[in-house]
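Only a predicted model underlies this, so the values are computations on that prediction, with no experimental measurement involved. The sequence lines fix the lettering, A, B, ..., with proteins before strands; numbering per chain opens at 1.
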Amino acid sequence: MKLEAKTPPGPLAEKWKRHQGSIKLVSPNNKRRYEVIVVGTGLAGASAAASLSELGYRVKAFCFHDSARRAHSIAAQGGINAAKNYQNDGDSVYRLFHDTIKGGDFRAREANVHRLAEVSVRIIDQCVAQGVPFAREYGGLLANRSFGGAQVSRTFYARGQTGQQLLLGAYSALCKQVGSGAVQLFPNTEMLDLVLIDGQAKGIITRNINTGAVERHAADAVILATGGYGNVFNLSTYARGSNATAIWRAYRRGAGFANPCFTQIHPTCIPVRGDYQSKLTLMSESLRNDGRCWVPKKQADHRPPGQIPEDERDYYLERMYPAYGNLAPRDIASRAAKRVCDEGRGVGTSGLGVYLDFSDSINRLGLKTIKERYANLFDIYHEITGEDAYQAPMRIFPAVHYTMGGLWVDYNLMSNVPGLFVLGEANFSDHGANRLGASALMQGLADGYFVIPYTIGDYLASVKPGTTPKTDAAAFTTAEKETQERVQRLLSIRGKRNVSYFHKQLGKILWDGCGMARNQAGLEKALQAIPELRAEFWKDVNVLGESLSMNQSLEVAHRVADFLELGEVMCMDALTRTESCGCHFREESQEAGECKRDDERFAHAAVWEFKGDGQKPERHTESLNYEFTTLATRSYK
Amino acid sequence: MKVNLRVWRQRGPDSPGEFKNYEAADLNPNMSFLEMLDVVNDRLASRGEEPIAFAHDCREGICGTCCLNINGKPHGPGRAIATCQTYMRSFRDGDTITIEPFRAKPFPILKDLVVDRSAFDRIMQSGGYVSVRTGAAPDGNSIPISKEIADRAMDAAQCIGCGACVAACKNASAMLFVSAKVSQLSLLPQGRPERHRRVLSMVAKMDEEGFGNCTVTGSCAAVCPKEVSLDFITRMNRDYLAALMHEAVGRAAGKEGGAG
Ligand SMILES: Cc1cc2nc3c(=O)[nH]c(=O)nc-3n(C[C@H](O)[C@H](O)[C@H](O)COP(=O)(O)OP(=O)(O)OC[C@H]3O[C@@H](n4cnc5c(N)ncnc54)[C@H](O)[C@@H]3O)c2cc1C
Ligand code: FES
């Protein structure tokens, strides 16, 4: 596997400009002779599809949702970062770059991150022009708030619905292009395979979710913007439909999968309540400004919180991280919660929860102030749990929230498979081992509006215009046949266990072995259990219904089958990376309970290559060189 | 807890449908309504019956995918929430609950409880945007917008496109949905240059898709999970009249110009 990052030479701040000036271009007349497939219509996919078609490329856009507007991006709440420095508080492109690199614990590529910070300012302009109703100050100018991991106020927001408003902006741009016939849109259409001809990405195989029809689509290049794979854990803050199938199928066709074990676990979510549960809900991290985290000092103390006296409570974050207290960063706060629960001091019926207590703040500031600040969050909490958090403390627990890992891409966002580009959360490019809040929306839109429109030309210029393959090419026939066989195989097992059983089991294995803390024994155990579960799945799964109609069990079965493979590679990745960094906490590599990086041996991206079913994938590396930043240790004590 | 479900089952778009009864026992009142359906589906599948198809994704009231008519009301008994935000504790032990898809001619049933709402997308494609090319935008702060206007536009922009407004309306009118988008963009200076063209073509498309007329009964706003206000309908009617006038004047001017 060849991993050429193609990072342009020159000073950091000049790289992107120089690159734009030197890469190959496709002439305006030729653009309409190229067909581009975009899979995914979230922030990354919708912005890419709209922008590419404005340039003249013929675009086909796909999503499994019934409408392009419903992609998972819609659920983002907090905001989007941009180095506008509208607050005059010392923000700059360099500062945003540096915060992101450091936040990622020095495991991202410098040049990509700097470009992200550079284009961030244009994203806001673009969204405002589309009519995104960002929050404003009384003077009519754009408002900002601050977010974790930064000392400046650079986050733009639209009430608690920033993701929705940004996505509706990108969706409207897409609608404009669909309305004029420049983009062909395929909703309800799930990509089930990637088609390669002579080693180049030339098309996809899809299944129509409403009719079950399996179809072939050819193009000159394929873009995957299919989001993250956190649902491999079953329970997460992701939308239920989010899945890994598109990138996993591409991996099986030769695309390298980078840092699969880098998964972000968010500290403040509503805990699991029962095994019927389907989804975990995020409670904004801002709550930790006025809430204090605690657990009883005694193990298995089942008294109601109000009856546990002050001196029998452990305000563990304040104890362990006196300098940052309840505002310790996400990964640190999550691990601390896990630690106290592991000690048997967790609260709630499951013992997997900690209290987030507002009583001190209510006494100090008054109920009215707390209501003003957080009423909507307290409402959500009440709606889900039926409990009143003004009376008794909230119960929270960490939950899977984001995946930094994804398909490996070069500076042009092209994977190692020529003609296959990967954007947004689906790629591995910008967040290293930990993502800062409000940076995923930024990256998705940067990739789609401002990077791919330029960089795709560098590849397409080498493809002869008008040579889009026909869908009767042998590679399409084979790939379609394989997809059909897989569908039939899933439908013919008619075993005893439903798909949900396997998904839940896999989630438990990964949460225990490859969750907030990992160690050799745990990972080895998971690596034993996953193949066994996978074998059981293919022997005993129960998928009812037919192939040629809407069949939701079949849809989920496809996705879970892929998760059962991906989960194993995640564990292999976590096992090989014997250092701790960012979200990846190897218990063997710690200093006083904190991450101990090993820059000598692990300042690289680990990239996994598929070698065939039943074969161990091969681990490659792209070494990360820090020319413009110094590798430093993060400390919050 | 235990409830009795009366669920609309329909194999495909062209098959006849019917209500089927299912007993759902051993439920936890803290389950969401959709989790209850997950449990029922798991039990159905275990005894070899095909699970009930229903649409869902975010399960937190923002994507607009879920669309159940519960006891005759789109999104069920709660106020200002989507189906997925409904919890079993809103029902009583032993209740009979009727679950149907959103019913409206422009939303054909695809299977069981899943309907086709692509008409909404086609309305958006007919004009629900500001025509700005990527890269051509001026600095975000170059157009100050008063906080009141920005907040008002945001009130309209909250619409999640679920279609409950259409399902609740006796005429299957899409006025609340369309007026929310039209108002968001015509309130903001960025959207004003195209406002006449936009409202005319979106309304024409809405009629073409078979949505009915608005008689301002207000059942739409009453079921809207985001409480989008009826005021936007009034606003759009004004915009529409203004656009018609503008067009008429433009046509007259065009004729004169031609004669001269
Ligand atoms: C609750 C929550 C809150 C968040 N809040 C913030 C925040 O405040 N700020 C921030 O920066 N980030 C936030 N994030 C993260 C951020 O929302 C996501 O990382 C980002 O939106 C991902 O965008 P995307 O375009 O890459 O993918 P997605 O939005 O996930 O879109 C994926 C698209 O791909 C399609 N797709 C997937 N697989 C297939 C297939 N096989 N075939 C066809 N189509 C397919 C889907 O239909 C969809 O259109 C939050 C995440 C969560 C879970
Ligand atoms: S499932 Fe997203 S709004 Fe209900």
Side-chain angles (χ1 to χ4, degrees), chain A residues 50-51 54 65-70 72 74-75 84 86 122 124-126 128-131 133-142 158-159 161 164-165 168 172-173 175-176 178-179 187 210 239-241 273-274 276-279 281 383 385-386 449 453 498 500 542 544-545 549-550 552-553, chain B residues 11-12 28 30-31 34-35 38-39 42 45-46 48 50-51 53 55-60 62-65 81 85 87 89 110-111 114 117-118 120-121 124-135 137-141 143-147 150 153-154 157-158 161 184-185 188 190-191:
Chain A
S51 305
E54 284 171 8
H65 290 90
D66 71 334
S67 165
R69 68 180 288 155
R70 305 205 202 282
H72 169 57
I74 204 102
K84 279 284 196 189
Y86 281 159
R122 300 186 68 198
I124 303 303
D125 302 340
Q126 186 64 31
V128 168
Q130 289 166 344
F134 282 120
R136 302 238 165 204
E137 297 165 355
Y138 281 102
L141 302 181
L142 292 159
R159 284 195 194 145
Q161 309 180 354
Q164 188 197 12
Q165 297 311 322
L168 290 182
S172 74
C175 281
K176 168 170 67 80
V178 175
N210 290 349
R240 273 314 273 170
R273 290 176 315 279
Y276 53 79
Q277 193 150 351
S278 61
K279 146 109 202 173
T281 303
E383 179 188 294
T385 62
Y449 285 135
N498 296 328
S500 60
N542 176 31
L544 298 168
S549 79
M550 181 184 293
Q552 295 179 333
S553 320
Chain B
R11 282 178 64 83
N28 184 318
N30 288 326
M31 282 176 175
L34 299 186
E35 284 166 351
D38 290 340
V39 168
D42 254 345
S46 296
E50 207 183 320
H56 66 94
D57 197 32
C58 75
R59 297 199 174 197
E60 54 188 50
I62 193 71
C63 71
T65 309
I81 54 172
Q85 296 166 292
Y87 283 78
R89 53 179 173 272
L110 294 168
K111 182 170 183 169
V114 183
R117 288 167 288 182
S118 54
F120 270 12
D121 289 312
M124 288 292 291
Q125 289 154 12
S126 74
Y129 46 77
V130 175
S131 298
V132 51
R133 292 173 60 87
T134 302
D139 183 84
N141 260 349
I143 331 163
I145 301 172
S146 79
K147 185 168 174 352
M154 182 66 211
Q158 298 207 69
Q184 177 202 339
L185 296 181
L188 295 170
Q190 304 90 304

Is R70(A) in contact with chain B via its backbone, its side chain, both, or neither, using a 4.5 Å heavy-atom distance? both

E383(A) versus chain B, heavy atoms under 4.5 Å apart: side chain, backbone, both or neither? both

Need one label for L185(B): side chain, backbone, both or neither, based on atoms under 4.5 Å from any heavy atom in chain A. side chain

Below 4.0 angstrom, N of the basic side chain to O of the carboxylate: do R69(A) and D121(B) qualify? no

Chain A interface, residue from D139(B), L188(B), N30(B), L110(B) that has the most non-hydrogen pairs under 4.5 Å: D139(B)

Which portion of L141(A) sits near chain B, non-hydrogen atoms under 4.5 angstrom: both

Do the side chains of K279(A) and E60(B) get close enough for a salt bridge, i.e. N-O under 4.0 angstrom? yes

Contact part of Q184(B) toward chain A, heavy-atom cut-off under 4.5 Å: side chain, backbone, both or neither? side chain

What part of V132(B) is in contact with chain A, defined as an atom under 4.5 angstrom from a non-hydrogen atom: side chain, backbone, both or neither? both

Checking heavy atoms, do the side chain of N210(A), its backbone, both or neither come under 4.5 Å from chain B? side chain

With a 4.5 angstrom heavy-atom cut-off, could you sort out which part of Y86(A) is near chain B: side chain, backbone, both or neither? side chain

What part of S118(B) gets closer than 4.5 Å to chain A, counting heavy atoms only: side chain, backbone, both or neither? neither

Can we say K176(A) and E54(A) salt-bridge, meaning some charged N sits less than 4.0 Å from an Asp/Glu carboxylate O? yes

To the nearest 0.5 Å, how far apart are CZ in R122(A) and NZ in K84(A)? 10.0 Å

Side chain from CB out, backbone as N, CA, C, O: work out which of these in N28(B) comes under 4.5 Å of a heavy atom of chain A, or both, or neither. side chain

Side chain / backbone / both / neither for I81(B) at chain A, heavy atoms under 4.5 Å: side chain

Turns out that what part of Q85(B) lies under 4.5 Å from chain A's heavy atoms comes down to both

